[in-house]
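To start, the structure itself, in structure tokens.
Heavy atoms only: backbone and side chains are in, while hydrogens, waters and symmetry mates are out.
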Amino acid sequence: MTDDDTIQVEVAYALPDEQMIIPVRVSRGCTAYEAVIRSGIVEHFPQIDPESAKMGIFSRLIPKPKETELQEGDRVEIYRPLQLDPKAARAARVKKAKEKREGEPDAD
């Protein structure tokens, strides 16, 4: 395989306290899924399931990682499942703020 037949990409995964970005040289036409497998990142983070993990390229979700071909310089990001629905998290913050306001004495 010559350099004309390959491209350089990165595969990234992050936890709250740890992140890893792995550079990978892959064949032209390689998919995001294939790059994840080739990177070996699952050996470092066994909780990643490439079959079901959501993935993106530079923060843009890709709906079909097994069909999305990469371009030179792309960074495939593997996303963790959300711990809490964003709408539920916002509702909880609003409720907490309201409770705090109601518990404060009037400034009269």
Side-chain angles (χ1 to χ4, degrees):
M1 196 166 19
T2 67
D3 282 346
D4 289 340
D5 298 334
T6 64
I7 58 173
Q8 184 73 34
V9 299
E10 297 177 329
V11 175
Y13 183 71
L15 295 172
D17 59 346
E18 182 181 9
Q19 72 174 16
M20 184 173 281
I21 299 174
I22 301 174
V24 186
R25 185 157 287 283
V26 295
S27 300
R28 289 194 182 280
C30 179
T31 67
Y33 172 83
E34 292 167 340
V36 168
I37 299 300
R38 295 266 331 263
S39 74
I41 200 162
V42 176
E43 295 170 18
H44 299 281
F45 299 101
Q47 67 270 34
I48 297 172
D49 177 7
E51 296 296 325
S52 62
K54 295 204 181 295
M55 298 179 198
I57 298 174
F58 293 119
S59 301
R60 292 193 143 159
L61 185 66
I62 49 177
K64 297 179 180 179
K66 289 184 177 182
E67 297 176 19
T68 302
E69 291 186 10
L70 300 177
Q71 303 297 315
E72 175 72 33
D74 279 351
R75 182 182 63 227
V76 179
E77 300 159 341
I78 305 164
Y79 303 130
R80 293 179 285 126
L82 293 175
Q83 297 297 314
L84 184 62
D85 175 65
K87 289 181 184 179
R90 183 179 185 286
R93 286 193 306 274
V94 168
K95 181 180 177 185
K96 185 176 179 180
K98 183 178 178 185
E99 289 170 354
K100 183 178 178 185
R101 282 194 310 271
E102 290 174 354
E104 294 176 356
D106 289 338
D108 293 347

Yes or no on side-chain contact (heavy atoms from CB on, under 4.5 Å) for Val36 and Met55, after CA distance, side-chain angles and deciding distance? CA-CA 10 Å; Val36 168; Met55 298 179 198; 3.8 Å; yes
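Both Val9 and Met20 sit in one connected hydrophobic cluster of ILVMFWY residues. Membership requires side-chain heavy atoms under 4.5 Å apart, directly or through other members. Side-chain heavy atoms closer than 4.5 Å link hydrophobic residues (I, L, V, M, F, W, Y) into clusters, and following such links, possibly through other members, connects Val42 to Phe45. In the hydrophobic clustering of ILVMFWY residues, with side-chain heavy atoms under 4.5 Å counting as a link, Ile21 and Leu15 come out apart. Leu61 and Phe58 fall into different hydrophobic clusters, where Ile, Leu, Val, Met, Phe, Trp and Tyr residues are linked whenever their side-chain heavy atoms come under 4.5 Å apart, directly or through other members.
Contact record, Leu70 with Ile7: O-CD1, 3.5 Å, taken as the closest heavy-atom pair. Between Ala53 and Ile78, the shortest heavy-atom distance links the atoms CB-CG2, 3.9 Å. Nearest heavy-atom pair across Ile41 and Ala12 is CD1-C, 4.3 Å. Minimum heavy-atom separation, Arg80 to Pro16: NH1-CD, 3.7 Å. Between Val24 and Ala35 the shortest heavy-atom distance is CG2-O, 4.5 Å. The shortest non-hydrogen separation linking Ala14 to Gln19 is CB-CB, 3.8 Å.
Within a 6.0 Å radius of CD in Gln71, no more than 12 heavy atoms belonging to other residues, nucleotides or ligands are found. With a 6.0 Å radius and a threshold of 12 heavy atoms from other residues, nucleotides or ligands, Glu43 has its CD atom at or below the threshold.
To the nearest 0.5 Å, atoms CD (Glu72) and CD (Gln8) are separated by 7.0 Å. Taking OG1 of Thr31 as the start and CD of Glu67 as the end, the distance is 9.0 Å to the nearest 0.5 Å. The distance from the CZ atom of Arg75 to the CD1 atom of Ile57 is 10.5 Å, given to the nearest 0.5 Å. The distance from atom CD1 of Ile62 to atom CD of Glu69, rounded to the nearest 0.5 Å, is 11.5 Å.
Of the N and O atoms on the side chains of Glu51 and Tyr33, at least one donor lies less than 3.5 Å from an acceptor on the other residue.
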